[in-house]
2 protein chains.
Amino acid sequence: MKPVPAPLSAEDDLRSAETQAGAFQAVREARRSELAEDYVELIAELIAHFGEARPVDIASRLGVTAPTVAKTLDRLARDGLVMRARYRSVFLTDQGRALAEECRVRHDIVVRFLIRLGLDAETAEQDAEGIEHHVSARTLALFAAFAERRGQPETR
Amino acid sequence: MKPVPAPLSAEDDLRSAETQAGAFQAVREARRSELAEDYVELIAELIAHFGEARPVDIASRLGVTAPTVAKTLDRLARDGLVMRARYRSVFLTDQGRALAEECRVRHDIVVRFLIRLGLDAETAEQDAEGIEHHVSARTLALFAAFAERRGQPETR
DNA sequence: GTATCAAGTTAGCACCGTCTAACTTTTCAT
DNA sequence: ATGAAAAGTTAGACGGTGCTAACTTGATAC
Ligand SMILES: [Mn+2]
Ligand SMILES: [Mn+2]
Ligand SMILES: [Mn+2]
Ligand SMILES: [Mn+2]
């Protein structure tokens with residue numbers, strides 16, 4: 001059957017198929033880089049705090065197994081984000097370091113924003129870990145401005 | 001080498017490995033349901049506005065090909081969210097309808113929240129499409145409260 | 001009624017991200 | 001120096017999400 005104009009009640013209009021498809025394509029694109037972003041950000045953290053990033057620590061902090069980490073690190077190396085040597089710790093390339101720094105800044109903005117909104121720190125960290133990958137530059141700017149605002153948090 | 005306590009400067013402390021792993025696990029869990037959520041929400045929209053949800057329309061609004069939609073719909077049917085008959089439109093099960101409604105409400109809250117923050121409607125829709133899947137109940141409540149607030153939007 | 005065209009399906013491929021099991025290498029304590 | 005434990009690697013499996021090419025079915029126009 002062909003679509004019928006509207007079934008008696010069509011309160012709000014739909015966006016155009018193209019516009020909607022654009023949004024979904026952007027989300028799929030973001031999903032493709034999420035894992036890489038989390039890895040390089042975590043690797044940078046480990047290097048900053050422990051001097052090196054060992055696969056075993058990456059695994060335990062991500063909550064995945066060692067072979068999963070190994071395979072993912074190989075992909076990241078292939079993509080020019082990390083450098084590896086067998087049985088050694090992992091290091092970031094310049095490109096990896098740049099991405100990590102960008103992610104760290106963005107992550108912190110999202111966390112501070114959520115806390116300023118009134119969320120507890122623990123939940124803020126949890127939600128930020130997912131939200132951060134789907135925040136456009138414009139939105140990030142608004143988050144940053146809100147987070148920096150003077151005055152008490154939005155207590156409820 | 002074993003991790004050394006700290007490399008001269010360890011300004012901020014790291015969270016425990018377990019806590020951090022918990023956050024990442026929650027994100028991975030959310031990722032597993034993202035696609036299903038987008039599908040049932042879209043199917044509900046199409047049914048509400050056109051009386052039926054045809055695979056070809058699902059495909060064009062998601063920006064993917066017809067075979068991709070077919071395979072995904074089979075998975076959704078397997079998981080009890082939709083019902084299909086060969087060469088026919090797709091329908092939601094009770095479970096699918098319930099999930100779709102939940103997603104619709106959540107999607108709208110996120111969009112209205114972003115707009116209230118000062119974002120343009122177009123970008124709000126784009127970002128919401130990704131963010132919605134990573135918003136906890138607590139955060140959603142804060143978003144809703146902020147969106148409903150009296151007064152002018154946060155113009156910048 | 002039949003030809004055509006749109007929609008739907010099937011088969012097959014590729015890559016990602018996860019796991020377990022089994023193996024190798026390195027590190028460390030004695 | 002050596003043996004045990006920890007860390008790392010490899011192989012193989014599996015499900016998810018995307019694609020193209022080729023086929024089948026259904027809807028439409030004449
Ligand atoms: Mn993250
Ligand atoms: Mn992060
Ligand atoms: Mn979505
Ligand atoms: Mn949505």
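Labels below follow one simple rule: chain letters A, B, ... track the order of the sequence lines, proteins then strands, and each chain is numbered from 1.
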OP1 or OP2 of dT25(C) under 4.0 Å from side-chain N/O of R88(A): no
Looking at R84(A), I'd like to know whether one of its side-chain N or O atoms comes within less than 4.0 Å of OP1 or OP2 on dT9(D). yes
Exactly one of E102(A), R112(A), E132(A) clears side-chain hydrogen bond (donor to acceptor under 3.5 Å, both in side chains) with H107(A), and that residue is E132(A)
In whole Å, I'd like the distance from the CG atom of D38(B) to the P atom of dG18(D). 10 Å
Quick one: R54(A) CZ to dA5(D) P, roughly how many Å, whole number? 18 Å
Determine the contact category for R32(A): base if any of its heavy atoms lies under 4.0 Å from a base atom, sugar-phosphate if only primed atoms, P, OP1 or OP2 are that close, otherwise nothing. nothing
L76(A) atom CG is separated from dC16(C) atom P, nearest whole Å, by 11 Å
Need to verify one output field. Residue with the more 5' nearest nucleotide on DNA chain C, P67(A) or D74(B)? D74(B)
Could you tell me whether the phosphate oxygens of dG17(C), OP1 or OP2, come under 4.0 Å of any side-chain nitrogen or oxygen in T68(A)? no
OP1 or OP2 of dG17(C) versus the side-chain N and O atoms of T72(A): is any pair under 4.0 Å? no
Check this for me: does any side-chain nitrogen of one of R106(A) and E37(A) sit under 4.0 Å from a carboxylate oxygen of the other? yes
Distance test, side-chain N/O of R86(B) to OP1/OP2 of dT10(C), below 4.0 Å: yes
Can you tell me the distance, in whole Å, between the CD1 atom of I58(B) and the C1' atom of dG8(C)? 12 Å
Could you check whether R78(B) gets within reach of a base, just the sugar-phosphate, or nothing at all, counting any heavy atom under 4.0 Å? sugar-phosphate
Would you say a side-chain N or O of T65(A) is under 4.0 Å from OP1 or OP2 of dC19(C)? yes
What integer distance in Å separates Y87(A):OH from dA5(D):P? 19 Å
Quick one: sort the F113(A) and F143(A) rings into parallel, tilted or perpendicular, breaks at 30° and 60°. parallel
Got a second to check how far L35(A)'s CG is from T72(A)'s OG1, nearest 0.5 Å? 5.5 Å
Kindly say whether, by distance alone, the side chain of K71(A) makes a donor-acceptor pair under 3.5 Å with the base of dG12(D)? yes
Can you list the steps and then say if D74(B) with R84(B) is a salt bridge (charged side-chain N to carboxylate O under 4.0 Å, His left out)? CA-CA 8 Å; D74(B) 284 344; R84(B) 351 187 34 201; 2.5 Å; yes
Using whole Å, what does the distance between atom P of nucleotide dC15(C) and atom CG of L35(A) come to? 17 Å
Could you tell me how far apart D57(B) (CG) and dA6(C) (P) are, to the nearest whole angstrom? 14 Å
Hey, does R31(A) reach any base, or is it just sugar-phosphate, or nothing, if we go heavy atoms under 4.0 Å? nothing
Check whether any side-chain nitrogen or oxygen of R28(A) sits under 4.0 Å from OP1 or OP2 of dT17(D), and answer yes or no. no
Taking only the side-chain nitrogens and oxygens of R75(B), find out if one of them lies under 4.0 Å from OP1 or OP2 of dT17(D). yes
